[in-house]
Amino acid sequence: LLWLKLFGVSTASSPLRGALASRMARVARLANLEMRVAPRSVLHVWRVSGVAPAARFITARASQVGRAERERKMQRPKEDFRAPGSSGGRGTSDNVLFPTSVARASENDGRTGKTSEQRRQLQMSKTPTELMCHLRSAVTQDLIDASVFAAAMQRCGQGRWWDVLEEVRTLQIVAHIAASPIQRNIYLTALARCVKGHEDGAQVVPSRQRELLRLGREAWGSAGPVPDADTLNSLLGAAWNLCIVAREDAALQWAEELWSWVQRQRFELNTVTHHTFVVQRQSFELNTVTHHTFVVVLETYNLQERVDNFLSEAAHGAAVPAPNVVLLGALVNAAAERRQWQRAEELWSRIVSGHAVEPHAIQYAARAKAHLLSGRPHDIVHIAAEALAKGIQLNTSLAEMYVQSCLVLYHSSLAHADLVRLDAAIEMAGPVWKQSHQEGKKLKPALQAVDALRRDPSSVALRDVLLGWNARRSDLAELPPAACRAGMGYLSGGGPGATRGAGGGVVDEKK
């Protein structure tokens, strides 16, 4: 396109422009990216039809974005993202993506061209030791700015390196490098990610969770006023997401304070007219993603009536952003964490049927998680079958819960039909797990459990077939061992969650 423009060839013609856009989209997909997720990639955006180029500089590398996060971003509607360099609103710009040019570094994130190599080294670090070695070397050579520490913090978040993240922050304070608004957002996001202590993002570390809110509130005032709407949206979204992960009353109070602060700015959340509000004498616009994040905060803290009001307003065409597939998964997951499978099913029905949202594998996995934590493996089998019947390929999380459910059901019954179903589930999940080294580790324990059940079922206890973290913290793990020996049919009544009410309490089974 650049060569065509240099030689005066018009790129405005529909056939040429369409062909080029189609080719670029295909190349982007092959690189595991998509145009609409440019804000999560190292991309330099030039407008095809404009006179002056417009750039958006991001510190994330696409290859380092986690699998689940990448899938969620790919599922977001195009309208949820601002097209950099466009004056026509969200999702309306015709952009072509180019590698980032260091010479056009953004002033907002405090980066300079001379620190590009330091940022690259930090982002490519494989271990915490390697990262700190590169960072200390940069400090010694005085090749540091806010973007260098932001890159280190982002890598800590990706690796869930909690202790190193705090070491990076301390080193920045000692080096007297002021935090930029963008770096503050990155730090809040990294904090929330690091609460889960493993790279697979499964298990929460309670000691980190207890410190999360304090560190987040300290970071809130560590940088100056936000320079633009995108930074403000990221800031509020990161803070509310931190409140979701913290799961304590004080976090809910802070989230409500932030929402009240936003309301006092006299703006209106409206995906149609995009009404704005003013902070620090600048005009800002709140987006759909940020609003949805706050709705997830409400569901996380069991404020169901306010969530239901939001869904009702959206259904009646009120000026609130309509639910999308990402919000569906987040709300169902929030209900799952509270062991409220009925609430998860209610949300599923309202959003899928009432708002015509098409769920994907991530949303089916959240729904299955609600039943797994409540000890209902029968329902997970049906959920996986429903997804497969709709042509949805199982992702690693849904495949894991599908195999886990079949394994527990076979342990309960020792029936041949359940064994056949278990073998089929493992055969289906095997290729999915082998897509990554981390997920591939889950295949071996499942095969070992099946072999043990075939050799000597009496030697295999229920705890021996609860393989994942979610299974080990589910209601199944609370069943008395003496009543859950192999072949005793302890799940014939539907499981321990069969009589659990929508509010988490036990209801009368006859009613």
Side-chain angles (χ1 to χ4, degrees), residues 29-34 37 62-76 158 160 196 198-203 325-326 328-330 332-333 336 344 348 358-373 376-411 418-453 465-474 476:
R29 285 195 297 272
L30 291 176
N32 216 3
L33 293 171
E34 194 170 85
V37 289
S63 60
Q64 294 175 335
V65 178
R67 169 188 51 79
E69 182 180 359
R70 184 168 59 250
E71 289 181 10
R72 287 194 296 272
K73 294 294 186 293
M74 295 288 285
Q75 289 176 8
R76 284 199 179 278
Q158 293 163 351
R160 306 183 192 278
K196 296 186 176 181
H198 303 282
E199 290 201 16
D200 60 2
Q203 190 166 352
V325 67
V326 179
L328 168 64
V332 170
N333 183 74
W348 184 273
E358 290 290 337
H360 302 293
I362 291 180
Q363 289 71 44
Y364 275 102
R367 184 184 177 193
K369 177 182 174 182
H371 290 272
L372 176 61
L373 293 178
R376 299 170 57 83
H378 290 93
D379 292 328
I380 299 173
V381 173
H382 295 312
I383 290 170
E386 178 184 326
L388 292 170
K390 292 185 177 181
I392 297 174
Q393 184 179 3
L394 304 186
N395 63 6
T396 53
S397 299
L398 185 53
E400 178 186 354
M401 286 184 279
Y402 183 34
V403 171
Q404 175 67 83
S405 301
C406 293
L407 180 58
V408 173
L409 288 171
Y410 175 60
H411 181 269
D418 287 338
L419 177 59
V420 172
R421 180 173 57 190
L422 173 59
D423 289 337
I426 292 177
E427 183 178 357
M428 181 181 300
V432 179
W433 278 339
K434 291 177 181 178
Q435 290 177 2
S436 71
H437 175 71
Q438 186 69 30
E439 299 294 342
K441 296 177 181 178
K442 300 175 181 179
L443 181 59
K444 185 176 180 180
L447 294 175
Q448 290 175 339
V450 174
D451 290 340
L453 278 172
V465 296
L466 299 179
L467 305 179
W469 180 60
N470 284 326
R472 291 193 297 269
R473 67 188 180 111
S474 70
L476 290 170

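Being a predicted model, the structure only gives us computed values, none of them experimental.
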Atom [atom1] in [X], atom [atom2] in [Y]: separation rounded to 0.5 Å?
X	Y	atom1	atom2	answer
Leu409	Ile380	CG	CD1	8.5 Å
Leu407	Leu453	CG	CG	6.0 Å
Ser405	Arg376	OG	CZ	11.5 Å
Leu398	Gln393	CG	CD	11.0 Å

Could you tell me which non-hydrogen atom of [X] sits nearest to which non-hydrogen atom of [Y], and how far apart they are?
X	Y	result
Val403	Ala446	CG1-CB, 4.2 Å
Leu372	Ala471	CD2-N, 4.1 Å
Ala365	Asn395	CB-OD1, 4.1 Å
Leu394	Ala384	CD2-O, 4.4 Å
His371	Ile383	CD2-CD1, 3.5 Å
Asn470	Lys369	OD1-CE, 4.0 Å

For Val465, does its backbone N or O pair with a side-chain atom of Gln404 as donor and acceptor, under 3.5 Å?
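Yes, because the side chain of Gln404 sits within donor-acceptor range (under 3.5 Å) of the backbone of Val465.
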Would you find a donor on one side and an acceptor on the other, under 3.5 Å apart, between the side chain of Glu400 and the backbone of Ser397?
no
Side chain to side chain donor-acceptor pair (under 3.5 Å) filter on Glu386, not counting sequence neighbours, yields Tyr364, Arg367
Contacts of His411 that satisfy side chain to side chain donor-acceptor pair (under 3.5 Å) - sequence neighbours left out:
Tyr490
Is any side-chain heavy atom of Val325 closer than 4.5 Å to one of Glu358?
no
For residues 419-429, tabulate all N or O donor-acceptor pairs below 3.5 Å that involve a side-chain atom, not counting sequence neighbours.
residue	atom	partner	partner atom	Å
Arg421	NH2	Asp418	OD1	2.8
Asp423	OD1	Arg454	NH2	2.9
Asp423	OD2	Arg454	NH2	2.5

Of all residues at least two apart in sequence or in a different chain, which pass the side chain to side chain contact (heavy atoms under 4.5 Å, CB included) check with Ala366?
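Once residues adjacent in sequence are excluded, the partners of Ala366 under the side chain to side chain contact (heavy atoms under 4.5 Å, CB included) criterion are Val332, Asn333.
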